[in-house]
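Counting starts at 1 for both ligands and their atoms, following the listed order. Keep in mind it's a predicted model, so treat the numbers as computed, not measured. Along the sequence shown, residues carry numbers from 1.
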Amino acid sequence: MRKALLATALLSSLAAAEPTIIPLPKEMKVAEGTFQVVPETGIRHDAALDGIAKLFAAEIKERTGSDTKTVREELRIMLPSEIRLDLDSSLPLKPGGYKLEVTPKGVLVTGKDIAGAWYGTRSILQMLPPKGAESWRAPAGAPMPLVSINDEPRFGWRGMHLDVGRHFFPVEDIKTFIDSLAFHKLNTFHWHLTEDQGWRIEIKKYPKLTEVGGFRDSSPPYGNRNSDDGKSYGGFYTQEQIKDIVAYAAARQITIVPEIDMPGHMAAAIAAYPELGNSDIPGYAPKVQTRWGVHYYTLAPTEETFRFVDDVLTELCALFPSQYIHIGGDEAPKDQWEKSPRVRELMKKEKMKDGHDVQSYFIKRVEKMLDKKGRKLVGWDEIREGGLSPKATVMSWRGEQGGIASAKEGHDVVMASNSHLYFDHYQRPAAEELAKGLAFEAIGGFRPVSSVYSYDPVPKALSPAEAKHILGVQGQLWTEYMKDFYKVEYMAFPRIAALAEIAWTPVERKDYNGFRTRLDGIMKHYDAAGIRHGMPLDPPKRETKDGSTVQTSLGIYQEHWPEFAYDGKPETFFWADRALKAGDHLTLTFRVAVSGKAKVVTGGAASRNGDKLASGVLEASADGSKWSEIAGFNDGTAEGSVPAGTTSLRIRVTKPQENWLIVHEIVVE
Ligand code: ACM
C-alpha cells in the first residue's frame, strides 16, 4: 500500500514538470496531478472530426494495445474515460488554434477549426509517454499532466521541403515523413518533384518525362562527389500514388505544395523531350544528369515550351489542391539563351536586354497560366531577376535579402534561408560525422539545432506592416547526400523540432534551454517511433529522478553529469574534473519541498584515492539564499536531518583538496 502511494506521488510529481510539447504552446498552465489514459479511454467527438478522431484513435490504440472507441458527440453512449474533441469557430484564436484542458476526470480539446482540433491531439500525443513505454503496460494507465493550454500558430506557412529528384524515396517513406511533420504541427510539405538528375511525377501527356527523365545512368558515390558509381538509378510516382499521398497529407492537415523547377534544373525533362531545350546551339546533347551541381540545360522560352509547361501545370493542378504551386526559378544559367539564335531573336522582339529579362519573361508567362487556373505562383528568390511577376510569392533561400526586398515591395514571402534552414548541412562538425563513415557525408556547412532555433523568420529590416508579408518559414532537405530515407531522417531530425518551434511559438516565448530539455523528451518519441535522428551538439539534458535540478561550480569529468548525483541510480555518479577549492559546491534544488533524513555518499573510484570529500558540509535552505548546516562529512559521507520546508540541499567544500570529487548519490527519505 505504501509502495503504491509512493508510486502515485512520484508519478504526479513527474507529471508537473514542463510537459514535453514542441512547439511550445502560446499559453500553458500546469497543475499537480495526472489524467490516466487507460485501455478503456475512448474519444467523443464532433461529427466534423470523424477523420481526425479515427486517426487519433489508431494512434492511442498503438500505445494501449486496446481498441479505442470513437463516439460522435450526439450519441448517448457512455464511455468510462473520455477524450473529447470539439469545435468552436468563435474561439478568439487564429486558424489552427485550439484549447486543451486536461483534468483528472478527462481531456477536452476545442479546435477553432478542424486543423486546431488536430493540433490539440498532437499536443496530447507528445505529453503521453512514448510508444511502447513501460507505463502503457501498467494497469493504472499512462499518465498525462494536468494542463490548461490556449494555443495558436505564429505563422500560417510552417513548411518542410524534400528533394526527391536527386534521390527518390518510396511512397511509404513519404508517408512516414508526413507523419513526422504532422507530429510537429507543420502544415506545408514542399515536394520538390523534378531535377536535372530525375523527373519524378507521372505526366500522362508526356510519358517520356518519367520513362526517360525518371532514370539516370550513374550517381556520385558517398565520399567522392566527382566520380560515378556506374549504376542506373531512378523512380517516379504514378498519379494514383500522388493522389493517395495528397489525401494522406490532407487528413493530417498538411498541404502539399508541388514544385516543378523551371526554367533551369530541367535537364531530365529536356533529355526526354529535346525540343523543349535550346536545341539551336552548338553541341546540344541533353541527358539526365549524373553529377550534382548547377547544370547548363534550360528550357527554351518558345511557344512550344510554354504549351508543355501549361499542360504539365494542368495535370499538376488536377492532382494537388494547393493554392500555391512552386515553379522553382532558381539557378537557371543564362548561357544557353545567350547562345541561342532563337532566343536572341525573341529578346529583340520583346526588347529584352539580357538573360535576367528572359528569366522574368518566362516566369511572368507561367504566372499567367497559374492565374488562369486559379492558383498562386511561388518561386525561389531568383524569380526577382529581371523584375518580379505581379502576384508572385517569393521563397527567400539565398539569405534574407530576396525576402526583405520582396516584402518591402508588397509581395508575400516564405523564409527558407540557407543561412539557418538548410538541413543538408552538417549538424555536428564534419570531421566527427565523417569519422562514422562515408555515408555520413553532407554537402557541407555546419548548422546545429541550436542555430536553427536561433533564427527569427521576421527579418529586423522589416517594419511591422512589411512583416505581415512574411507568410512563414520552411526547412530545406536537398538530397544529393541522402541516398536513403535513413539519411533523410538523420539530417532532418531533430532540426525539424527547432523549425517547428520558430514557426509556431510566439517569439517572446522562445527559450533555448527549455526547448533543449523538451527536445530530449521528443527524441524519446522519435526513438520509440523508429524515427532516426542526429544528436544535438550540446549535451542531452540528464534527468534527476523527479524533475529537481542540480548545479555545481565544478567542471564535469567525461559524461559524469551533476544530475547523476540525484537520479536514484546507484551505477551513475557525478564526477568533478579537478581539485577542489573552498567554496566549491553542488546544489540540489527540489521541485517540491522535502523533509526527513538525508544521506550523501561521496567517493567510490578505486583509482584517484576514491575522490572522496575530505572537508565539507551538507547544508539545507528553504529559500535558496539562507543556509544552515545539517551535517559534516565523515569519511566521505554526510548524514543529517532535513528540516520541514527545505527546498535545496548543498554540498559545500570547506577546505581545498587535491583529489577530485565523486558524488554518488544524495538520498532523502
Ligand atoms: C536552391 O537551393 N537552389 C533553392
>> Quick test: of every protein heavy atom, which one is nearest to atom 3 (N) of ligand 1, and how far off is it to 0.1 Å?
In response: Asp330 OD2, 2.6 Å

> What about Glu331: any of its N or O atoms under 3.5 Å from an N or O on ligand 1?
Replying inline: yes

>> I'd like to check which ligand 1 atoms, numbered from 1 as shown, lie under 4.0 Å from a non-hydrogen atom of Trp478.
In response: 1 (C), 2 (O), 4 (C)

> So with a 6.0 Å cut-off around NZ of Lys391, is the heavy-atom count from everything else above 12?
Replying inline: no

> Crowded around Asp217 CG? As in, over 12 foreign heavy atoms under 6.0 Å?
Replying inline: no

>> Suppose we call two aromatic rings close when their centres sit under 6.0 Å apart. Are Tyr233 and His167 close by that rule?
In response: yes

>> Could you identify the single nearest non-hydrogen protein atom to atom 2 (O) of ligand 1 and state the distance to 0.1 Å?
In response: Tyr422 OH, 2.7 Å

> Would Tyr297 and Tyr284 satisfy ring-ring contact (aromatic ring centres under 6.0 Å, His included), going step by step from the backbone distance to the final call?
Replying inline: CA-CA 9 Å; Tyr297 282 85; Tyr284 184 73; 5.6 Å; yes

